[in-house]
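In what follows, chains are A, B, ... by sequence order, proteins preceding strands, each numbered from 1.
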Amino acid sequence: MIDWSGYIGLILQGALVTIQLTIMGCALALAMAFIAGLGRLSHLAPVRWLATAYIEFFRGTSIFVQLFWAYFVLPIMGFDLSSLQAGVLALGLNVGAYGAEVVRGAVQSIGREQFEACVALNLSRFQTMRHVILPQALIVMLPTFCNNAIELLKATAIVSLISLSDMTFQAQVVRAQTGNTLVPFTTILILYFMMAMTISTAMRWLERRLARGLDGVRS
Amino acid sequence: QDNPKLEQLKEQGFARIAIANEPPFTAVAADGKVSGAAPDVARVIFERLGVPEVVASISEYGAMIPGLQARRHDAVTAGLFMRPERCAAVAYSEPVLCDAEAFLVKAGNPKGLNTFADIAAHADATIGAPGGGTEERLALEAGVPRDRVVVVPDGQSGLRMVQDGRIDVYSLPVLSISDLVRLANDDSLEMIAPVSDAPVYCDGAAFRKGDEALRDAFDVELAKLKESGEFAQIIEPYGFSAAAAMSTSREQLCAQE
Amino acid sequence: MASPIIKIDAISKSFGALKVLDDLSMQVMPGEKLALIGPSGSGKTTILRILMTLERIDGGHIEIDGEQLYHMQKNGGELVPADERHLARMRRKIGMVFQLFNLFPHKSVLDNVTLAPMLTQKMPREAAEKRAMELLDMVGMADKAKNMPSQLSGGQKQRVAIARALALSPRIMLFDEVTSALDPELVEEVLNVMRRLAEETDMTMLLVTHEMGFAHDFADRVLFFDRGRIVEEGAPDDIFRNPKQERTQSFLRKIIAAGHRV
Amino acid sequence: MASPIIKIDAISKSFGALKVLDDLSMQVMPGEKLALIGPSGSGKTTILRILMTLERIDGGHIEIDGEQLYHMQKNGGELVPADERHLARMRRKIGMVFQLFNLFPHKSVLDNVTLAPMLTQKMPREAAEKRAMELLDMVGMADKAKNMPSQLSGGQKQRVAIARALALSPRIMLFDEVTSALDPELVEEVLNVMRRLAEETDMTMLLVTHEMGFAHDFADRVLFFDRGRIVEEGAPDDIFRNPKQERTQSFLRKIIAAGHRV
Amino acid sequence: MEWDWEFVWSIMPTMIEGVKITILATILGSLVAAVVGLVIALLRRSPNWFISRPVGLFAEFIRGTPLLVQLYFLFYVLPGAGILLSPLVAGVIGLGLHYGTYTAEVYRGGIDNVPRGQWEAAKACNLNPTQTWLHVILPQAIPPMIPALANYFIAMFKETPLLSAITVLELMNQARSIANTNYRYIEPMTMVGVFFLVISIISVFGLRWLERRYGRVER
Ligand SMILES: Nc1ncnc2c1ncn2[C@@H]1O[C@H](COP(=O)(O)OP(=O)(O)OP(=O)(O)O)[C@@H](O)[C@H]1O
Ligand SMILES: Nc1ncnc2c1ncn2[C@@H]1O[C@H](COP(=O)(O)OP(=O)(O)OP(=O)(O)O)[C@@H](O)[C@H]1O
Ligand SMILES: [Mg+2]
Ligand SMILES: [Mg+2]
C-alpha cells in the first residue's frame, strides 16, 4: 500500500531539524537566562530595568506571537532572518526570559551570609558570583532548567506554522501525501516524548554529578 | 539589461520559491523532492535564466504574499490565482496554470450546494477554504458570513473535515479537489465542478513589487516555452490545459472582477 | 606612643526608625584585644559589620590605620564617600569570623582557605596551599583539609572559618559570637584556638561574646554596650568584679543567674 | 469479674530491620488508667499508634471490647484480616490525643470539635455544637470556641484536642506525651484537665508520659517499657518507690537526675 | 511598510471577536485543567500499582509532547475513532488535559505539604477517606496552591493561539485571517502581542496579590 519507509525518512529529517532547533534554542536561552537573570540583580538601575523589560516582554507576549513577529514583521523592518534563525531567536529569547527568573531565584536562594563571607574575604562582585554563588546556585537551577528545556522542545512544534520543516511540519507533509493522519502524528508524539525523556535523564545525571561535590563524597 | 535581482540569484545559484503542497499545483514527494506543475515550470525557466536551482518552502496561501514582501521568497509559484487586489500587491508573470473552482461535498450533496451563492443563501451551510486563498474571498464576496467560512490549514484537513461533517463544502480548484478525491478513494464524497458562479482563474509566478525586471525576464522565457510546446509537455500530465493559459493574459485577468 | 589602628568618631546607624548606634566613638590600639559585651540588640554585631563594610553608616567617620574607611580624599583634599575600589583596599586590613561560620559548602576545607588569597592576592596555588596547610595545622584541622564542610562538626567548621579569615593576613580580626551556635562540648576547642591566636600574634582583635569567662581571660579591655552606646569600659577585672554602672551590674547578674561562668 | 477491654496477645512490629515491639502481650480492664513509661525508642508511642490503627501489626492479635481489631470473622468463623469498614467500626471505640495536637488549622475551635460527630455519627449541627460547648467548657476553653487554632497557646490547643477526642465518646482514650511539646508554664493547665477527666469518667485511658509525678497520681497501674517489651509493671507506688528491675531503677535515676519530679 | 492607524481601527471589531473566544477558551480550559489535575494527582497517589503507574506514565507523556501535536491528534485523529469534537471543544480538552498534568504537580505538592499529623488526626476522629479529603486535607492544601495555579492559568492564556491551528477563531486566527486577506502582518500581529502583554502585566499584579493573600498558611 503506502511506502512508509520514505515517509518515515521525511519525519526523521524533521526530527533532526527539531533537535537542531532545540539545541540552538537552549544555547541562546541559557545565555539570555544568565545575562538577564544576573542583570536583574545588578547594582546599576538601567541594567536592571533593561533586564526586567526583556523578561516581562518575552514572558508577557505569547511565544506564538513572538515567532510570527520574528518571521513576518522583523524582515519588513529590515532584519533579514532565515526561518531557522527566526525560530531559534523566538524560542531562545522566550525561554531565556523564563530561565532568567530561575537564575535570579537561585542566586537569591543562596543565603545572604555567603555574600557576606565573600565581602569579608574581599572578593570582588564578579569573583563572588563566579566562584561562590553560581556554583551553588547552579544546582538549584538545574531541575527548573530541565523543565524549561522540555518546554522549549515542545515549543519547537509551532515553528511548523512558519513553514520551518521540523518534525511536526514533516508530519503534516506526510499526512498530505498519504491521507493518513494517525500514523504520522502518533510517530512524532512518540519521538517528542523520547526526546523529552532524553533531556530529563541527561539533566538528572548532571544534577547528580554536581550535587556530589556538595555532599562531600569527594575525600 | 539592468537586472540586479537576477544577477543576485545567478550568483547565489538558486531561487527561493513558495509553494503550497496542494497537488497537482505543487507537491512534495515522499523523498522531500518538490514537484507539481507550477514549480516544474518555474524550475525550467529559472534554469534558462541561469539560476540552476529552485529551493521551495511550503507556506500557507495567506502567508505567501507577506512572505514575499518580507523577502522570505523570491517568487511564489503555487497556484496563487491572479486577482485585482493581488495584482496590486505583487508583480505577476503571464498566466501559467488555469483552473476552475470545485466543491467537495458529501455524496449526493445533501444540502444542494452548487454555487457560492447557494452557500450564502443556506442558513447553516459552512464552507472550508484555505486561509487567504481565492475561495475564501469568493465565499465572502458571495455573501457568506465570516463565521461560516472556516479557514482550513491544508487539503487533507479539508477533506477530513468534510468526511467528519465539520464543514459542508470544501472548495479548491478543480484539479486539487480531484486529486484529493482520488487519494481518499472514499465513496461518501462527491466533487462538484466547475462551480458556476466562480470564474476560471489562472495563476502566474508572483514576484515582489520592485522586482519587475526579474518578472519581465521570466515572462520572456515563459513565452518561449509556450511557443515551443514544452510548456504543454510540462503541465498537461498534471491535468492542466496549456491552451487555457495561452488564451488569456495578465492584463485581462488582473482587470477581471 | 603608637596611634590607634581603629578610630571611630561619632558614628550613628539606624535601621528604619530604629536607632541602633547612637553617636558612638571609640578607639582601638594596634595589637589590642577587645571584648564587646552587652544585652541582645545593643548593637555589638552591628559595629563589627560596619567595620567589615557589611553595613553602611549614616553619619560620623571611621579611620582604620590612619585612613578613612567610608570616605576618601579627592584631589583637592576634600572628603567624598568611598567607592568600591577604596573599600576593597581597606577591607584587606580586616578579617571576620561569623557566628554561623559561613563556609563555602561546595568547596573543600583547603579550597575554602586558599580561595581568597588566590583570587584577591593572585597568590600561586602552591604558595596558597602551603600557607593554608600551616593555618589549618594551627587550628588543628590539617588532617581534614580534603573534607567538605558538610562532613565537619560545628566546632571544626568554625576552626576552618578562622583559618580562612587568617589566610588574608588581616591586621584586624573581628569575631562575632563565634561559639554561640556550637554544642556545649564543642565550644572549648574553638576557644582554645582563639586563646593561642591571642597569645601568639599581635593582631588587633575585636570579639563579641556571651562567654564572660572567656572574655575575661582573652581581652585587654572590655566594652559594655547598651542600646547602641558604650555604657562602661575598662580592664576585664574592673568590669566583671566591680562594675560601676547599674546597667552593667544587672546584666552580669542575669548572665550569672542563667548559669554562665564569669 | 469483668473481662478486659483491651487484650493484646503476642503482637510484634518491625520498621524495616528494626524490631520495635517484640512478642508483646498485655491486658487492660475497663475504666483502668494506665501509664506507659520507659526510655525513648522503647515502643510506647508505637503501641498507642497500633491501637489507633495508625500502624499495622506484623503478627499477634488485639481484641478490643471482645472484638478482634485487626481481624474479623468470616462466615465460616475463620479469622481474616480486617477490611477498612471493620477498622472504621472498631475505631469508634478509641480516641487519641497527639503530642503535637494536630488540630485542623483551617477550622475554628468549635468546628474542630463538631466535625467528627457531625460527619461520622450524622449528629445534627445543634446537638453537636451543644455537646462541643459542654466539652470545651469542661476543658476551660468555652470562651475561645470561635477562635482559630493559630490564635491559641500550646496548652490551649492541647485542651481543644482533648475535647475533640472526647466528642466521639470513645470508650478508650490514648494520650501520647500530650504535654511534652508545651512550654513548662503551660503544662499544668493540661494536666489539670486530665486529672479531672480521670476522676469524673470511667473511660479506659492509656497515657504515655515523661511526667513521672503526674503518672504516679494519675495511673492505677504503670507499665515500664524497654526495647519493645514490658520489663516491669505494677501499682505506681511499687514502680516508682521500689522498682525491682535494674533497668527500671537506672531509668528512674536518670529521670530524677534530669530534674523531673517523681 | 508603514504602521497604519486607520487600518488598526478598521480591524478592531474583528480582533475583539477573537479576544472573546480566547478568553472563553482560557476559562473553560482552566476549569478542565483544575479538575483533570486533581484527578491525576489523586490517581497517582493510589496504592494500586495498576492505577498509579499508567496514570503517571500518561501524565508524563502528555507533559513531554507538544500541545500543538496533541491538538492535531484530538481534532483530526479522534474522528476516525468516531469521536467528533467541535474545534472549541477539542481545543478546550487539549488545553485542559495538557495543563492538567501541570496542575497535578501543583496539587501533589500542596497535598504533600499537609502535615502527616493531619491525616492521623482525621483517622483518630474516625473520618472515612472521602471525609478526610474533603474536610481536612483539601481545604488546607488548596489555598497555598492558588498562586501556582493562577500562574498556569496565565501560561495557558498565552498558549491559546495554538488553537488557531485547529480552526478555532480565537484572537490569533482572526489576526491571521486579517493578514491573509489584507496582506498586512504588522498591525494585526503587533496588536495581538500588545494585547497579551497588557493582560499579562495586569496578571502580574493579580498574582502578587494572590501570593500575599494565599501564599502563606498559618499552622
Ligand atoms: N538588617 C537589619 N534590619 C533591621 N534591623 C536590624 C538589622 N540588623 C540588626 N537590626 C537591629 O539592630 C539592633 C542591634 O542589632 P545587633 O545585631 O547589632 O545586636 P547585638 O548586640 O549583636 O545582639 P545579639 O547579642 O542578639 O547578637 C537589634 O534591635 C536588631 O534587631
Ligand atoms: N514510621 C517509622 N519508621 C521507622 N522507624 C520508626 C517509625 N516509627 C517509630 N520508629 C522507631 O521505632 C522505635 C520505637 O518508636 P516509638 O515512637 O514507639 O518510641 P517511644 O517509646 O514512643 O519513644 P519516645 O519516648 O522517644 O517517644 C524507635 O526506634 C523509632 O525510631
Ligand atoms: Mg549579635
Ligand atoms: Mg513517643
Side-chain angles (χ1 to χ4, degrees), chain A residues 18 52-53 55-78 94 98 147 150-161 166-169 171-172 175 180-200, chain E residues 1-3 22 57 60-81 98 102 105 151 154-165 170-172 175-176 179 184-204:
Chain A
T18 293
T52 308
I55 292 169
E56 292 304 333
F57 179 82
F58 278 92
R59 293 197 318 161
T61 55
S62 166
I63 169 87
F64 209 89
V65 182
Q66 288 154 22
L67 193 65
F68 271 73
W69 231 81
Y71 190 72
F72 288 112
V73 180
L74 279 187
I76 296 176
M77 302 191 338
N94 182 279
Y98 287 89
N147 289 341
I150 292 175
E151 289 303 319
L152 193 143
L153 164 69
K154 294 188 325 187
T156 59
I158 62 178
V159 303
S160 66
L161 298 169
D166 77 319
M167 203 154 71
T168 304
F169 185 86
Q172 296 274 29
R175 171 166 175 254
N180 186 314
T181 306
L182 179 69
V183 176
F185 282 163
T186 309
T187 310
I188 64 168
L189 275 177
I190 292 170
L191 285 173
Y192 275 116
F193 187 57
M194 279 162 49
M195 291 180 196
M197 296 310 271
T198 310
I199 291 176
S200 59
Chain E
M1 249 201 271
E2 290 293 301
W3 182 265
T22 293
L57 192 69
E60 290 293 318
F61 187 82
I62 297 285
R63 219 145 45 100
T65 52
L67 177 56
L68 180 66
V69 183
Q70 291 163 8
L71 289 173
Y72 284 142
F73 208 87
L74 284 173
F75 195 68
Y76 295 123
V77 177
L78 283 193
H98 197 83
Y102 289 95
E105 290 299 300
N151 220 343
I154 295 163
M156 179 190 293
F157 183 72
K158 283 180 287 199
E159 282 219 65
T160 49
L162 284 181
L163 302 194
S164 66
E170 46 61 74
L171 180 60
M172 187 73 186
R176 284 166 74 191
R184 292 192 71 95
Y185 257 87
I186 296 189
E187 292 89 352
M189 281 308 144
T190 307
M191 282 168 74
V192 176
V194 168
F195 168 76
F196 278 106
L197 192 60
V198 168
I199 295 279
S200 99
I201 287 173
I202 294 171
S203 58
V204 166

**Prompt:** What part of A:Gln66 gets closer than 4.5 Å to chain E, counting heavy atoms only: side chain, backbone, both or neither?
**Reply:** neither

**Asked** So how far is it from A:Thr61 OG1 to E:Lys158 NZ, rounded to the nearest 0.5 Å?
**Response** 8.0 Å

**Prompt:** How many angstroms lie between CZ in A:Arg175 and OH in E:Tyr76, if you round to the nearest 0.5 Å?
**Reply:** 5.5 Å

**Prompt:** Quick one: what part of A:Ser160 sits under 4.5 Å from any heavy atom of chain E, side chain, backbone, both or neither?
**Reply:** side chain

**Prompt:** What is the distance from atom CZ of A:Phe185 to atom CG of E:Leu71, rounded to the nearest 0.5 Å?
**Reply:** 10.5 Å

**Request:** I would like to know whether E:Phe73 and A:Leu182 meet side-chain contact (heavy atoms from CB on, under 4.5 Å); could you show each step before the answer?
**Result:** CA-CA 8 Å; E:Phe73 208 87; A:Leu182 179 69; 4.0 Å; yes

**Fill in**
Whatever's closer than 4.5 Å to a heavy atom in chain E on A:Tyr98 counts as side chain

**Message:** Looking at every heavy atom in both E:Ser164 and A:Phe64, which two are closest together, and how far apart are they?
**Reply:** OG-CZ, 3.9 Å

**Prompt:** Among E:Pro66, E:Ala165, E:Gly64, E:Ser200, which residue forms the greatest number of heavy-atom pairs with chain A at distances under 4.5 Å?
**Reply:** E:Pro66

**Complete:** Scanning both residues in full, the closest heavy-atom pair of A:Ala157 with E:Leu68 reads O-CD2, 3.4 Å

**Asked** With respect to chain E, which residue among A:Val73, A:Ile150, A:Asn147 yields the maximal number of heavy-atom pairs within a distance under 4.5 Å?
**Response** A:Val73

**Asked** By a 4.5 Å heavy-atom criterion (distance strictly below it), what part of A:Ile158 contacts chain E: side chain, backbone, both, or neither?
**Response** both

**Message:** Just verifying a value: how many Å separate E:Ile186 CD1 and A:Trp69 CH2, rounded to the nearest 0.5 Å?
**Reply:** 7.5 Å

**Request:** Identify which part of E:Met189 has an atom lying under 4.5 Å from any heavy atom of chain A, answering side chain, backbone, both or neither.
**Result:** both

**Asked** Considering only heavy atoms, which portion of E:Leu162 lies under 4.5 Å from any heavy atom of chain A: side chain, backbone, both, or neither?
**Response** both

**Request:** Against chain A, label E:Thr160 side chain, backbone, both or neither, depending on which of its atoms sit under 4.5 Å from a heavy atom there.
**Result:** neither

What donor-acceptor contacts under 3.5 angstrom involve side-chain atoms of residues 189-199 of chain A, with partners at least two apart or in another chain?
| from | atom 1 | to | atom 2 | distance (Å) |
| --- | --- | --- | --- | --- |
| A:Tyr192 | OH | A:Thr168 | OG1 | 2.7 |
| A:Thr198 | OG1 | A:Met194 | O | 2.7 |

**Item:** Which portion of E:Tyr102 sits near chain A, non-hydrogen atoms under 4.5 angstrom
**Value:** side chain

**Message:** Within this structure, what is the CD1-CZ distance for the pair E:Ile201 and A:Phe57, rounded to the nearest 0.5 Å?
**Reply:** 10.0 Å

**Option that, when pairs with chain A are counted at under 4.5 Å, heavy atom only, ranks first among E:Leu67, E:Ile62, E:Val69** = E:Val69

**Message:** Strictly distance-based, threshold 3.5 Å: is any side-chain N or O of A:Lys154 a donor or acceptor partner for the main-chain N or O of E:Arg63?
**Reply:** yes

**Request:** Please flag which part of E:Val198 lies under 4.5 Å from any non-hydrogen atom of chain A: side chain, backbone, both or neither.
**Result:** neither

